[in-house]
Asker: 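I have a structure here, written as structure tokens, and I will follow up with some questions on it.
Within every chain, numbering begins at 1; the chains are lettered A, B, ... in the order of the sequence lines, protein sequences first and strands thereafter. Because the structure is a prediction, the values reported are computed rather than measured.
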2 protein chains.
Amino acid sequence: MSAVRLSADLSPSQQKADWLDTILKGDCVAALNKLPEKSVDVIFADPPYNLQLNGDLHRPDQSKVDAVDDHWDQFDSFAAYDAFTRAWLLAARRVLKPNGTIWVIGSYHNIFRVGASMQDLGYWILNDIVWRKTNPMPNFRGRRFQNAHETMIWASRDANSKSYTFNYDSLKAANDDVQMRSDWLFPICTGSERLKDDNGDKLHPTQKPEALLARIMLASTKPGDVVLDPFFGSGTTGAVAKRLGRHFVGIEREQEYIDAARARIDAVKPLESTTLTVLSGKRAEPRVAFVSLIDSGMIKPGATLYDAKKRWAATVRADGTLAIGEQAGSIHRIGAAVQGLDACNGWTFWHYERNGGLTQIDELRRIARLGMERAGA
Amino acid sequence: MSAVRLSADLSPSQQKADWLDTILKGDCVAALNKLPEKSVDVIFADPPYNLQLNGDLHRPDQSKVDAVDDHWDQFDSFAAYDAFTRAWLLAARRVLKPNGTIWVIGSYHNIFRVGASMQDLGYWILNDIVWRKTNPMPNFRGRRFQNAHETMIWASRDANSKSYTFNYDSLKAANDDVQMRSDWLFPICTGSERLKDDNGDKLHPTQKPEALLARIMLASTKPGDVVLDPFFGSGTTGAVAKRLGRHFVGIEREQEYIDAARARIDAVKPLESTTLTVLSGKRAEPRVAFVSLIDSGMIKPGATLYDAKKRWAATVRADGTLAIGEQAGSIHRIGAAVQGLDACNGWTFWHYERNGGLTQIDELRRIARLGMERAGA
DNA sequence: ATTCGCTATGAATCTTAGG
DNA sequence: TCCTAAGATTCATAGCGAA
């Protein structure tokens, strides 16, 4: 790849880096080291699993199981695999933005070593996610449980990175209004989605389903973000990124995979931007100062506020504080104090009298926000 | 404990070792080192998870979460935790029979380190098993996925131990005649099963459900086998072993837990025969996330949904939310909003166009459930 | 006896803007 | 970088008391 860098005075929207939406050919660590530091929002990595297979496996009908015995999955020892793992995790960490996150998928053959290395290098695990397969391969010998899942580790760059992207509200709304759990159910990649080579055989032994990558990106990226995949393979990450209006960068060694992935991604039609809007919750709403309700005349100084059951009454003061007897403070502090709690959301706790009933002052905040939007605040 | 050993010429059925069906008090490694080598069939270990908590956590209702902040879960560093882990895994391996197996349970905080150490010490992983919780604690701050599972590693003593116990056929028969998968569904331990202290509070912070231990023993032991638990705690392993006609050995440091476990186990009545309740782990009506219809391609992002009379039309967004103009949210929230109601069942309210007519999206949910049932949801 | 509503709680690495 | 204050945030289940 070339050594072109983003100019410091140009935002990505003004000048697109030449490595965006491309597949870099070569060794994963070498390619990573050529990318600018802190330049990608999310990394999805599907590294070699270090499967340790001896001999062939046959199904009960004597057909042979097409094992993952590619040369790139051969390591001499756990130590060799660990060294490989640490090298790419370290190179990836340099490229990740401070508030970026990384996803790594693996099986019991490798995921424990990968997870320990991630912790050792300073990544901070946010969740481990279980991909439950609806249609896993059976255990043919009947000597173990059916291996029906794979594990993903989702981690931030550092323990103190708090501002990573997590589209909580959108995930919850899409999940019947309950928060998304750490166990996900998806079919393995089969049928027309599975890329085939010239012989009609599967092109890549471990092609991941697009639905899995879509869930990952919808959870942890925003439209326009950059998703890096250092083990690009058949290009699922790129295809899903393009469809969902995200940028991708792929790294891959094998020309056969690069060609197939390129063609695959070129055929993807991006979704319309309007369908890509991410549902945002209250956190994204602009802040409203309680005093601004007084400024705008929605609440008069001297007005009385009550809790929902009218157990307490407090007086609004001209400076935007609330008072009960000697005690005065913010709507939150006074709400907490009367309940004997450490914290309280005054917006939902306090009410005002209207039409003989009580209405939350949060209703006034909502109205104030509409005014702010009109004013382009 | 005493230094009594099994005579070499007597089988366990002829002379019962004095440490069988007892709880050894003391440090885990020291106690393990006093047991005879190659003397137990299965080890179940629930070691400290090394949670790293900062400050208190409160529920949205301001109640405080009772965190696991016990002294036995405090380690200075990953290195200290690794040293602890290697020490007990090594001592446990000496005690394990050549064809014995070990189960270790953990969360993302520790399981990757534990798994890597197990591989380093020569244990051979047979499966990783996911315990999916029906009723996990929510994520209260909405900053991560709900942590809804724990991970267990099942391993043999060596890579070449082939004669370990695995009751394949009975598991399959108990599971509707399909192989038992690597993801299991159980509730957490609550209600009358949960041991309480004199104040009525939970006796032990991490008591495991008996159903989980029963599945483990039914899978990997035979009646009369010896099950060792080096972190005995409230004694679930002992209680289930006695009930299922297995022997146990527990190791525990805290006298309070020993006393409670002893009383608990004494109260257990062994089953006459091992015709046990089948824990199929299937639930009545698995929940379907609306977004899973998008994942599976049944609904496309950008598609339009209508109410039965086509009075309203809404657009499906890629993140699984529904949008009408500026308003967006779950199928339920948007259904409620357009009708001016507080609540709405989006599954029955919204329809899609098919064959020129309208069909409820609930029809798609029914189809999705068929796939989930196959996966044992 | 049954239902309904309210409360309690579980292995938790659980915020963020602004001064 | 540190400190303060605003204010956002929960699902399933068991138990209990009232109706």
Side-chain angles (χ1 to χ4, degrees), chain A residues 99 119 123-128 155-156 158-164 166 168-169 172 175-182 280-290 320 329-333 335-336 341-350 362 365, chain B residues 46-70 72-75 78 81 105-111 131 133-151 187-194 196 200-202 204-209 231 233 283 287:
Chain A
N99 283 311
Q119 291 180 310
Y123 287 108
W124 191 248
I125 299 179
L126 299 169
N127 280 112
D128 59 333
S156 61
D158 309 280
N160 54 2
S161 321
K162 300 287 185 194
S163 306
Y164 55 86
F166 180 57
Y168 174 81
D169 296 289
K172 182 176 172 180
N175 192 40
D176 246 29
D177 287 324
V178 291
Q179 49 185 219
M180 192 68 80
R181 295 169 46 112
S182 55
S280 57
K282 293 183 185 173
R283 277 195 185 89
E285 295 282 308
R287 293 212 171 189
V288 174
F290 179 65
S330 71
I331 53 173
H332 313 295
R333 298 306 339 143
L341 296 174
D342 287 337
C344 165
N345 185 337
W347 291 109
T348 53
F349 181 74
W350 294 109
D362 205 31
R365 179 169 66 161
Chain B
D46 184 10
Y49 284 10
N50 192 25
L51 299 188
Q52 290 155 56
L53 307 174
N54 294 313
D56 291 339
L57 179 66
H58 292 86
R59 298 186 180 80
D61 66 3
Q62 300 302 325
S63 64
K64 189 178 160 199
V65 174
D66 185 15
V68 178
D69 51 5
D70 304 71
W72 45 256
D73 198 36
Q74 306 299 319
F75 296 86
F78 283 135
Y81 186 78
I105 185 168
S107 65
Y108 67 84
H109 310 85
N110 71 323
I111 198 65
W131 168 27
K133 303 179 183 183
T134 57
N135 49 349
M137 195 184 296
N139 181 290
F140 295 116
R141 308 310 289 267
R143 293 297 292 141
R144 304 180 177 198
F145 297 94
Q146 182 183 30
N147 197 0
H149 74 277
E150 293 188 25
T151 300
I188 60 175
C189 183
T190 58
S192 59
E193 188 186 320
R194 189 88 196 218
K196 304 292 197 303
D201 299 322
K202 62 186 173 193
H204 191 281
T206 71
Q207 184 178 341
K208 295 294 175 287
F231 306 96
R283 306 192 70 201
R287 188 191 292 276

Asker: Please encode protein proximity along nucleotides 14-19 of chain C as a string of B, S and -, counting only heavy-atom distances under 4.0 Å.
Answerer: BSSS--

Asker: Base, sugar-phosphate or nothing for A/Asp342? Non-hydrogen atoms, less than 4.0 Å.
Answerer: nothing

Asker: May I ask you to say what A/Arg365 touches in the nucleic acid, namely base, sugar-phosphate or nothing, with a heavy-atom cut-off under 4.0 Å?
Answerer: sugar-phosphate

Asker: Are B/Ile105 and B/Thr151 packed together at the side-chain level, in the sense that at least one heavy-atom pair is separated by less than 4.5 angstrom?
Answerer: no

Asker: Looking at C/dG10, does its base get a donor-acceptor pair with the side chain of B/Arg59 below 3.5 Å?
Answerer: yes

Asker: If the condition is side-chain contact (heavy atoms from CB on, under 4.5 Å), which residues does A/Asn160 pass it with, not counting sequence neighbours?
Answerer: A/Asp158

Asker: With a cut-off of less than 4.0 Å, is there a side-chain N or O of A/Lys172 near OP1 or OP2 of D/dT10?
Answerer: yes

Asker: Roughly how many Å apart are D/dA6 and C/dT13, using the C1' atom of each and rounding to a whole number?
Answerer: 25 Å

Asker: So if I take residues 60-68 of chain B and measure heavy-atom distances to DNA chain D, which residues fall below 4.0 Å?
Answerer: B/Pro60, B/Asp61, B/Gln62

Asker: Heavy atoms under 4.0 Å, any strand shown: does B/Asp56 hit a base, just sugar-phosphate, or nothing?
Answerer: base

Asker: Could you tell me whether B/Asp66 and B/Lys202 make a salt bridge, using a distance below 4.0 angstrom between a side-chain N and a carboxylate O?
Answerer: yes

Asker: Does B/Asp69 have any salt bridge (charged side-chain N to carboxylate O under 4.0 Å, His left out) partners at least two apart in sequence or in another chain, and if so, which?
Answerer: none

Asker: Could you check how far CZ of B/Phe75 sits from P of C/dA11, rounded to whole Å?
Answerer: 18 Å

Asker: Have a look at B/Gly200 and say if it touches a base, only the backbone sugar-phosphate, or nothing, with a 4.0 Å heavy-atom cut-off.
Answerer: nothing

Asker: Starting at atom OH of B/Tyr81, determine the distance to atom C1' of C/dT13, rounded to an integer number of angstrom.
Answerer: 13 Å

Asker: Donor-acceptor pair, distance only, cut-off 3.5 Å: does the side chain of B/Lys208 make one with the backbone of B/Thr206?
Answerer: yes

Asker: For nucleotides D/dT10 and C/dG10, find the distance between their C1' atoms and express it as a whole number of Å.
Answerer: 12 Å

Asker: Which whole-number value in Å describes the distance from B/Ile111 CD1 to C/dT13 P?
Answerer: 15 Å

Asker: Give one of base, sugar-phosphate or nothing for B/Ser107, where a contact means two heavy atoms less than 4.0 Å apart.
Answerer: nothing

Asker: Rounded to whole Å, please give me the gap between CZ in A/Arg333 and P in D/dT4.
Answerer: 13 Å

Asker: Which residues satisfy the salt bridge (charged side-chain N to carboxylate O under 4.0 Å, His left out) test with A/Asp362, sequence neighbours excluded?
Answerer: A/Arg365

Asker: Expressed in whole Å, how much space separates the C1' atoms belonging to C/dA11 and D/dG7?
Answerer: 28 Å

Asker: Using a 4.0 Å heavy-atom cut-off, does B/Pro209 contact any base of the nucleic acid, only the sugar-phosphate backbone, or nothing at all?
Answerer: nothing

Asker: With heavy atoms under 4.0 Å as the rule, sort B/Lys202 into base, sugar-phosphate or nothing.
Answerer: sugar-phosphate

Asker: Can you tell me how far P of D/dG7 sits from CD of A/Glu285, to the nearest Å?
Answerer: 12 Å

Asker: Can you list everything that forms a side-chain contact (heavy atoms from CB on, under 4.5 Å) with A/Arg287? Sequence neighbours excluded, please.
Answerer: none

Asker: DNA chain D: A/Phe290 or A/Gln179, which has the more 5' nearest nucleotide?
Answerer: A/Phe290

Asker: For A/Tyr168 and A/Cys344, find the nucleotide of DNA chain D closest to each by heavy atoms; which residue's nucleotide sits nearer the 5' end?
Answerer: A/Cys344

Asker: Using the test side-chain contact (heavy atoms from CB on, under 4.5 Å), find all partners of B/Gln74 that sit at least two apart in sequence or belong to another chain.
Answerer: none

Asker: Please check the phosphate of D/dA6 (OP1 and OP2 only) for any side-chain N or O of A/Ser330 closer than 4.0 Å.
Answerer: yes

Asker: It should be established whether B/Asn135 places a side-chain nitrogen or oxygen under 4.0 Å from OP1 or OP2 of nucleotide D/dT13.
Answerer: no

Asker: Side chains of B/Arg59 and B/Ser63: donor-acceptor distance under 3.5 Å anywhere?
Answerer: yes

Asker: Quick check on DNA chain C: between B/Pro136 and B/Asn147, whose nearest nucleotide comes earlier from the 5' end?
Answerer: B/Pro136

Asker: Mind calculating the distance between CZ (B/Arg194) and P (C/dG10) to the nearest angstrom?
Answerer: 6 Å

Asker: Classify the nucleic acid contact of A/Ala159 as base, sugar-phosphate or nothing, counting any heavy atom under 4.0 Å across all strands shown.
Answerer: nothing

Asker: Would you indicate, yes or no, if D/dA6 has its OP1 or OP2 atom less than 4.0 angstrom from a side-chain nitrogen or oxygen of A/His332?
Answerer: no

Asker: Please determine whether a side-chain nitrogen or oxygen atom of A/Lys282 lies at a distance below 4.0 Å from atom OP1 or OP2 of D/dG7.
Answerer: no

Asker: Considering residues at least two apart in sequence or located in another chain, which fulfil the salt bridge (charged side-chain N to carboxylate O under 4.0 Å, His left out) criterion with A/Glu285?
Answerer: A/Arg369

Asker: Quick one: classify the glycosidic conformation of C/dT13 as syn or anti, with syn meaning within 90° of 0.
Answerer: syn

Asker: Going by an N to O cut-off under 4.0 Å, is there a salt bridge joining B/Asp201 and B/Lys196?
Answerer: no

Asker: Using the side-chain contact (heavy atoms from CB on, under 4.5 Å) criterion, which residues pair with B/Asp56? Sequence neighbours excluded.
Answerer: B/His58, B/Lys64

Asker: Just how far, in rounded Å, is P of D/dA8 from CZ of A/Phe349?
Answerer: 16 Å

Asker: Under 4.0 Å, counting only non-hydrogen atoms across every strand here, what does A/Leu126 touch: a base, just sugar-phosphate, or nothing?
Answerer: nothing

Asker: Starting from Watson-Crick (N1-N3 plus N6-O4 or O6-N4) and G-U wobble pairs under 3.5 Å, report the runs of at least three that DNA chain D belongs to.
Answerer: C:2-10 with D:11-19, C:15-19 with D:2-6

Asker: In whole Å, measure the gap between the P atoms of C/dA12 and D/dA8 for me.
Answerer: 25 Å

Asker: Just the rounded figure in Å: distance from C1' of D/dT10 to CG of A/Asp176.
Answerer: 16 Å

Asker: For B/Tyr49, enumerate each residue passing the ring-ring contact (aromatic ring centres under 6.0 Å, His included) test, keeping only those at least two apart in sequence or located in another chain.
Answerer: none

Asker: Applying ring-ring contact (aromatic ring centres under 6.0 Å, His included), can you list everything that pairs with A/Tyr164, at least two apart in sequence or on another chain?
Answerer: A/Trp154

